[in-house]
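Accompanying notes for the structure given below.
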Number of protein chains: 2
Amino acid sequence: MADYDHPASESLTLLGVLRGLADPIRLEIVQHLGSVPEASCAALLGDRPRSSMSHHFQVLRESGLLHTRIQGVQHFNSLRKADLDLRFPGLMEAILAG
Amino acid sequence: MADYDHPASESLTLLGVLRGLADPIRLEIVQHLGSVPEASCAALLGDRPRSSMSHHFQVLRESGLLHTRIQGVQHFNSLRKADLDLRFPGLMEAILAG
DNA sequence: GGTTTAATTCGACTTTGATCGAACAATATC
DNA sequence: GATATTGTTCGATCAAAGTCGAATTAAACC
């Protein structure tokens, strides 16, 4: 499967990032990813339907919060902390502390 | 007119604050209020319908971002920066810098 | 090739949220 | 009291976003 194209850090907008964070499931995913280097989709699934989670992963990718690395059949997700720190200093630290 | 009841700072949630910020008009209001002590609704109105703006003021109040002081017929709005800093350190600084 | 596993895409449905005119409430002023 | 000003509330409408089963893609493995 082809890689995803993630938006460049310069093109990220504060509004877009805030929209990405403004959902309970996505905020939970982001906060989880704040404490681990990366996690597969399955590891973040919980007991929710896969299709719902796929939607949230897509929103997180498009808003620039999440990077997805494909390895075989698994997708490993990580927080784009360095990019976000560069673009919006202090933001993720505050989010992950909450 | 009776005062509004603003939520206590302890009861604010990160998700609620993020939801409050995740709208272009509200983010603009918040960022504007970051640079002035307070502003009346009229001063923040722009060319938008009053009823639309009233809705956004309500959302901002309920999420704990905004405090409204009533003086006569005017409503003076201010950012609840001290409360937000206490509850979510660094968050508003990052938002206002964006 | 067939099967299992991981995750997405599609499509339909539902829910949430934004928009905004019209009516209303409250204060100030003449 | 009448009028103008400031802002809210109501109610209807519309658009955006979340939900999730079923079908699909892709890789791994026997």
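Just so we're clear, the structure is a prediction, and the values are computed from it rather than from any experiment.
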Between the axis at one end of the helix from dG1(C)-dC30(D) to dC30(C)-dG1(D) and the axis at the other (five pairs apiece), what's the angle to 10 degrees? 20°

Interatomic distance, CZ@Phe76(B) vs CG@Leu44(B), rounded to 0.5 Å, equals 11.0 Å

Applying side-chain contact (heavy atoms from CB on, under 4.5 Å) to Ala82(B) and not counting sequence neighbours gives none

Who are the side-chain contact (heavy atoms from CB on, under 4.5 Å) partners of Ser11(B), not counting sequence neighbours? Pro7(B), Ala8(B)

To the nearest angstrom, how far is Leu18(B) atom CG from dG17(C) atom P? 14 Å

Expressed as a whole number of angstroms, how long is the span from Ile70(B):CD1 to dG7(D):C1'? 9 Å

Spacing between Asp3(B) atom CG and dT27(C) atom P, to the nearest angstrom: 11 Å

Which of the following nucleotides, dT5(C), dT8(C), dT8(D), is nearest to the side chain of Val73(A)? dT5(C)

Tell me the interatomic distance from Asp23(B), atom CG, to dG17(C), atom P, rounded to whole angstroms. 11 Å

Using whole Å, what does the distance between atom P of nucleotide dA25(C) and atom NE2 of His75(B) come to? 15 Å

Could you note down all residue pairs passing salt bridge (Lys or Arg N to Asp or Glu O under 4.0 Å) where residues 74-92 of chain B supplies at least one of them, sequence neighbours left out? Arg80(B)-Asp83(B), Lys81(B)-Asp85(B)

So the salt bridge (Lys or Arg N to Asp or Glu O under 4.0 Å) pairs with at least one residue in residues 38-47 of chain B (sequence neighbours excluded) are Glu38(B)-Arg69(B)

For residues 57-68 of chain A, dump all side-chain donor-acceptor pairs below 3.5 Å to protein atoms at least two apart in sequence or in another chain.
residue	atom	partner	partner atom	Å
Gln58(A)	NE2	Glu62(A)	OE2	3.1
Arg61(A)	NH1	Thr68(A)	OG1	3.0
Ser63(A)	OG	Val59(A)	O	3.1
Ser63(A)	OG	Leu60(A)	O	3.2
Thr68(A)	OG1	Asn77(A)	OD1	2.9

Let me have the donor-acceptor pairs involving side chains of residues 89-98 of chain B, under 3.5 Å, with sequence neighbours excluded, atom names and distances please.
none

What are the residues of residues 33-66 of chain B, sorted by number, that bring a heavy atom to within less than 4.0 Å of DNA chain C? Pro49(B), Ser51(B), Ser52(B), His55(B), His56(B)

For Gln71(B) and dT27(C), what is the distance between atoms CD and C1' respectively, to the nearest whole Å? 12 Å

Would you kindly give the CD1-to-P distance between Ile25(B) and dA16(D), to the nearest whole Å? 14 Å

Val36(A) and Met53(A): same hydrophobic cluster, using ILVMFWY side-chain contacts below 4.5 Å? yes

Without placing hydrogens or testing angles, list every side-chain donor-acceptor pair under 3.5 Å for residues 14-28 of chain A, not counting sequence neighbours.
residue	atom	partner	partner atom	Å
Asp23(A)	OD1	Ile25(A)	N	2.9
Asp23(A)	OD1	Arg26(A)	N	3.2
Arg26(A)	NE	Gly20(A)	O	2.8
Arg26(A)	NH1	His56(A)	ND1	3.1
Arg26(A)	NH2	Arg19(A)	O	3.2

Mind calculating the distance between CZ (Arg26(A)) and P (dT16(C)) to the nearest angstrom? 15 Å

